[in-house]
Every structure is written in C-alpha cells, then in structure tokens.
Amino acid sequence: MAEKIDEKKVTPRSQDFAAWYNDLIIRAELADYSPVRGCIVFRPDGFAIWEHLRDELDRRIKKTGARNAYFPLFIPQSFLQKEAQHVEGFAPEVAVVTHGGGKELEEPLIVRPTSETIINHMFAQWIHSHRDLPLMVNQWCNVVRWELRTRPFLRTSEFLWQEGHTAHATREEAERETLTMLEVYRGFVEDYLAIPLVYGRKSAAERFPGAEETYTIEGLMPDGRALQCGTSHYLGQNFAKAFEIRFLDETNQLQHPHQTSWGVSTRLLGAIVMAHGDDQGLRLPPAVASTQVVIVPIWRKAEEGENVLVAARSIRHSLEQAGVRVRLDEREGLTPGFKFNDWEMRGVPLRIEIGPRDVAAGEVVMARRDIAGPPGKSKAPIAQAAERSTAVLAEIQKNLYQQAKAVADQNTRRFDDYGKLSAQMQGEGGGGLADIHWCGNPECETKIREETRATCRAIPLNQDGAPGKCIVCGESAKERAFFAKAY
RNA sequence: CGGGGCGUGGCGCAGCCUGGUAGCGCACCUGCCUUGGGAGCAGGGGGUCGGCCGUUCAAAUCGGCUCGCCCCGACCA
C-alpha cells in the first residue's frame, strides 16, 4: 500500500534535490525530454509561464527605451573570430552548419550562441553620428550552446532568452545603462517571480567573454547552490573596435561608441521551480501562473451537481470580470481528492472548493497553495469570492517571496575564517552563500574554487567599505563578496 | 570529456544468476457504481525485451560490439 501511494508522489526534495526537480518538471507537465540530446520540449503549461514572464519583462525593457528587433539565427563563422576574448569563450560550444541545400558552404555558419557579433556588424552600418545614439535594441530569440552536461531549464543545448544590445556616445552613459538593466532584472525577478536575490559585479574570472565588466543577479536555491539569473555587461569599446563602429561627435571627432548587452533566459523557469516548489509539486507565483485560481466543484447526486455547477460558473464569471485567470474543473469521474492533488502538482496558487454544503450556506472554501493543509483553508461568502481571491493572490505573491527569502537568509553566512568556509562547502550539494572579505586577487579566488568548489557569485555594489582581511591570504581587503557553489 | 547507473507496453518496474509460449502496478478503453484529500468492481486494448553480431534445436535471459539516456565531477546563461 505504501508503495502504491509513493508512485503518485514525487521524490521528496529532502531525499534527492535533483531527482525532485526533474520529477516536478515532468509531472507538472512544464517540459518533456526531446529526442535531441540536451534539448527539451516546452509543454503548454511551461510555455505559458514563459509567456507571462516575457510579456511583463518586455514591457519593463521597452520602458527603458529599448525597442525589439530580430537578427538572424545564422552568423558567418568569421564574425566570431573578430573579438579575441569572445571567440575564446564561445568557440568551444558553438554548433556549426557546414552544408546547405546539399552543398558544402563556402564559409560555415555558426548557430548563434549569443548575438553580439552579428548585431554589432549591423550597428556599424547604422551608426555614423552622435545623433544615431543611443541605439538600443532587444531581441527575443533562441540560442544554441553545445553544453556537455544539461539539465531541464537550467542548462539546455538550445534555450530561449532576450538579449539587449546598446551603443552610447559616452562611457558614463553606457555604464549607467548597464546598471539600469541590472536594476530592471532585479526588480522583475524579486517582484514578479518572487525570488530573492543578491546582486553585484562579477569577478574577472566570471566575466562575460569580451566584456569589461559583468553585473549579475544571483538567486540562492534551497539546496544551497547559487543560480545566475541574469547578467548585464558593460562591453566598453571592445566590440565597437572589432566591428569598426564609429561615429562623429559634436566636435567632428571620430569616436567608438561604448556598449552594453544584457539578458535573461528560460533558466528562470528552473529558478521558479526550485525556489518555490515543494513535495506536493509546483508553487507558482500568481503573477506568472497560467491558472491563478481553480474552482473544484463537489457533489454526490445529479441534482446537487446542477446547483453546484450553476454557482461555480457564476463564481468563475465574477473572477473573470475581476481580471483573474480562472479555471473551472468540470472533469467528470474524478474525485475531489484527485483534483486537489492534481492542481497542487501544477502549482495553481489558489483553489476554490464548492459543494452542496457551501451552496446552501452561500459560501466557498478557499485553499492557498502557499500554506499547506487546513491552515491554508478559509471560507468566504460567494458574493465576495472575486474580491477575496484578488486580495489573497496578492498575499500569496508576497508570501512566496518571504518564504523563499527566509530559506535563502538561513543559508547565507558570514565567514572570517577560511577553515570554517571550507568546512561549510564540504561534501556533495550546495553549501549556501558565503559572505566573505576577499582581496580581489585571482589567485585567492582560484584557491577557493579548487579547494571548496565555491566560486565568486557577486561582489555587492555600494559596500560600506569597512576594512577587513582577505579570508584566504590575510591581506587587507576593501570589499566583501558572495561565494557559493553554482549551477 | 572522466566516473557511476540504466535501457523490457505511455510511465514505473519484475523476469536475466539456473536459456524453453513476456509479466505486474499505474495510465488508457467499455460498462456499472461513485465524488468534502489521489474511489470500487467487471470486461478489454497495447510490447516481442535499445541496436547489431555471435553461441544454441531454442536468447529478454549467455558472449562481444555499438547507440542512447540519467546521475556525479571538470567547462558554461
């Protein structure tokens, strides 16, 4: 009997985090494995999350002044060679097209791993004057990176993302843009996806190939590993020089523009699954849930069913009027218990139960996904179902953030002693986020990585500047940095 | 790319050691009956055991090769 029940459940998170994560994605029908190694299929429930996420982020990006465009999937192989760091970073993982139309191509085409090269090639033709600046474009597209090891959403051979590319007349303006986008990402992920973050600068070792400075938002997952959730790069004039982008400034001097690029990907879906999911399944933030409220009707006799359904449909109508994404589960032959479990697996934030007893009493039972069991249940008058739902959804959005924040905070520790840091990172799995003084020397960073497998995730901005000693070499260190094992 | 594990109806597995008509649970279809936390009964459909080669009267089972997938590590959004 116990085994029979186990079959209906996913691997407990506490038992095997990776298996739990994979189980959830398959069971909640977010994605499925594909016949192509390292590539996944986004099923409708998974893609719907991406669509909501994308639509909102797209609005926020456009608000900053960028406009959407689309550049080709294929890029001449020679383009990749033009920026030395860039080619070194990406060449090992590009897919190359050598044949087309049955013939070998004169010049192979690479499938974009990112679009700096082709976009800057075009920028060179569009930018001639300071009046052409700033130029700010964004594109939503797929990219391909031939990864050796893949995991659903977190690292797939092909993934979807947005990549913004901008060119500015001055260094200051480009640097400001880089930080503006970092803040757009931070606000979006924390508010909309309810995922708490740390953010800051990347170390030189972790920098984007070709960038002068990379900024990042990092989420600490419940297993104690950090996940890079988005990056914003200040590219300096590296690409402008490599692609010969030049403009005449107000004083008739020929200048290279200063550039940025920034992106987030479908990896964010993995972050949502990990940050909020539990052993019952997904727990989706209302903002991105394709179904925010599900109504489960309950009855015994046919005539009861009539009354219940009439009431349920009217509640659905009132929720729709209130702008809530609502679904009425009218499937026949399934018990309420089955439906409860089913919708919990899919992460629907709020469930409304209505049966003959409730219809008689003029009320409904509301069950919150973010609070398990009876404490998450409450009653509301039918007439107030829509109003209450809207309010509760807002609470759930906040509460999911608070819950995730509490877990992350619990796994974030300050260390001033290398031995303690090292002990914390021992063993398989994550070791949480370590907040340490670091002198900035790459050798000290390498030592930490090689001995603890933790890497520098972010060097926070706006530090208090309190002096300290590097946790590795003991030299004076002006800054603190976050280190963790990462996905 | 190194280490480990696994390939048997859609999914999860047993059978393999000790070759001999391919089985179980879930899911699916039909009917009855059911619905406040994963219902029950009855009937039914579906696989030739990842692929190739070999041993044998006979291979899911023994041997060799190969392909694929998953997990752990190094590399990376």
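Small disclaimer: the values here were computed from a predicted structure and weren't measured. Chain letters run A, B, ... following the sequence lines, proteins first and then strands; every chain starts at 1.
Looking at the side chain of A:Trp299, the nearest of the listed nucleotides B:rG38, B:rG37, B:rU35 is B:rU35. Taking the side chain of A:Leu148 as heavy atoms from C-beta on, and the options B:rG37, B:rC1, B:rA77, the nearest nucleotide is B:rC1. Among the nucleotides B:rG36, B:rA39, B:rG37, the one closest to the side chain of A:Pro336 is B:rG36. In the set B:rA77, B:rG38, B:rG36, the nucleotide with an atom closest to the side chain of A:Ser265 is B:rA77. Nearest nucleotide to the side chain of A:Asp358, out of B:rG37, B:rG36, B:rG73: B:rG36. In this structure, the nucleotide among B:rC70, B:rG37, B:rC76 sitting nearest to the side chain of A:Glu147 is B:rC76. Checking B:rA77, B:rG36, B:rG37 against the side-chain heavy atoms of A:Thr156 singles out B:rA77 as nearest. The side chain of A:Arg449 has B:rC75 as its nearest neighbour among B:rC75, B:rA77, B:rG37.
The pair A:Glu212-A:Arg207 does not count as a salt bridge, with every side-chain nitrogen at least 4.0 angstrom from each carboxylate oxygen.
Counting any heavy atom pair closer than 4.0 Å across all strands shown, A:Glu93 reaches sugar-phosphate atoms only and no base atom. A:Phe208 comes within 4.0 angstrom of nothing in the nucleic acid, heavy atoms only. Among the heavy atoms of the strands, none lies under 4.0 Å from A:Leu227. Nucleic acid contact for A:Lys377: base, since at least one base atom lies under 4.0 Å from a heavy atom of the residue. Heavy atoms of A:Arg112 sit nowhere under 4.0 angstrom from any nucleic acid atom. The residue A:Val143 sits apart from the nucleic acid: no heavy atom pair falls under 4.0 Å. Base engagement by A:Pro356 is indicated by at least one non-hydrogen atom pair under 4.0 Å involving a base atom. Within 4.0 Å of A:Arg151, counting heavy atoms only, lie sugar-phosphate atoms of the nucleic acid but no base atom. A:Ile26 comes within 4.0 angstrom of nothing in the nucleic acid, heavy atoms only.
Pair assignment for B:rA77: none, as no Watson-Crick or G-U wobble contacts are both less than 3.5 Å. Using the Watson-Crick or G-U wobble rule with both distances under 3.5 Å, B:rG37 pairs with nothing in any strand shown. Across the strands present, B:rG43 finds its partner in B:rC29; the criterion is a Watson-Crick or G-U wobble pair with both atom distances under 3.5 angstrom. Checking B:rG68 for Watson-Crick or G-U wobble geometry (two distances, each under 3.5 Å) identifies B:rC6 as its partner. With a cut-off of 3.5 Å on both pairing distances, the Watson-Crick or G-U wobble partner of B:rG63 is B:rC53. Across all strands shown, nothing is found opposite B:rC17 as a Watson-Crick or G-U wobble partner with both distances under 3.5 Å.
Whole-Å rounding puts the A:Arg207 CZ to B:rC75 C1' distance at 19 Å. The CG-C1' distance, from A:Leu334 to B:rG38, rounds to 10 Å in whole Å. Distance CG (A:Asn341) to P (B:rG37): 10 Å, rounded to an integer number of Å. Taking atom CG of A:Asp23 as the reference point, atom C1' of B:rC26 lies 15 Å away to the nearest angstrom. Distance CZ (A:Arg453) to P (B:rC75): 11 Å, rounded to an integer number of Å. Taking atom CZ of A:Arg155 as the reference point, atom P of B:rC75 lies 11 Å away to the nearest angstrom. Spacing between atom CH2 of A:Trp161 and atom C1' of B:rA77 amounts to 7 Å, rounded to whole angstrom units. Whole-Å rounding puts the A:Glu29 CD to B:rC11 P distance at 14 Å.
Side-chain contact of A:Glu147 with A:Ser157: a donor-acceptor pair under 3.5 Å is absent, judged by distance alone. Inspection of the A:Gln139 and A:Ser115 side chains reveals an N or O donor paired with an N or O acceptor under 3.5 Å.
Residue A:Asp342 places no side-chain atom within donor-acceptor reach of the base of B:rG38, judged by atom type and a 3.5 Å distance cut-off alone. A donor N or O paired with an acceptor N or O is found under 3.5 Å between the base of B:rG37 and the side-chain atoms of A:Glu344.
Between A:Phe338 and B:rG37, no base-stacking contact is recorded for ring centres under 5.5 Å apart and planes less than 30° from parallel.
Taking atom P on both nucleotides, B:rA59 is separated from B:rC17 by 14 Å, rounded to a whole Å. Taking atom P on both B:rC24 and B:rU18, the two are 26 Å apart, rounded to the nearest angstrom.
Taking the six-membered ring where the residue is Trp, A:Tyr234 and A:His258 present parallel rings, their angle staying beneath 30° rather than reaching 60°. Between A:Tyr192 and A:Phe188, the ring planes are parallel. Angles under 30° get that label, and only those over 60° would be called perpendicular. By the 30° and 60° cut-offs, the orientation of the rings of A:Phe42 relative to A:Phe153 is tilted.
Atom CD of A:Glu56 is separated from atom CD of A:Glu51 by 14.5 Å, given to the nearest 0.5 angstrom.
Nearest-nucleotide positions on RNA chain B for A:Gln228 and A:Glu332 put A:Glu332 closer to the 5' end.
Looking at A:His165, A:Gln162, A:Glu163 one by one, the single match for side-chain hydrogen bond (donor to acceptor under 3.5 Å, both in side chains) with A:Asn138 turns out to be A:Gln162.
The phosphate of B:rA39 has OP1 or OP2 within less than 4.0 Å of a side-chain N or O from A:Thr335. Residue A:Asn22 places at least one side-chain N or O under 4.0 Å from the OP1 or OP2 atom of B:rC71.
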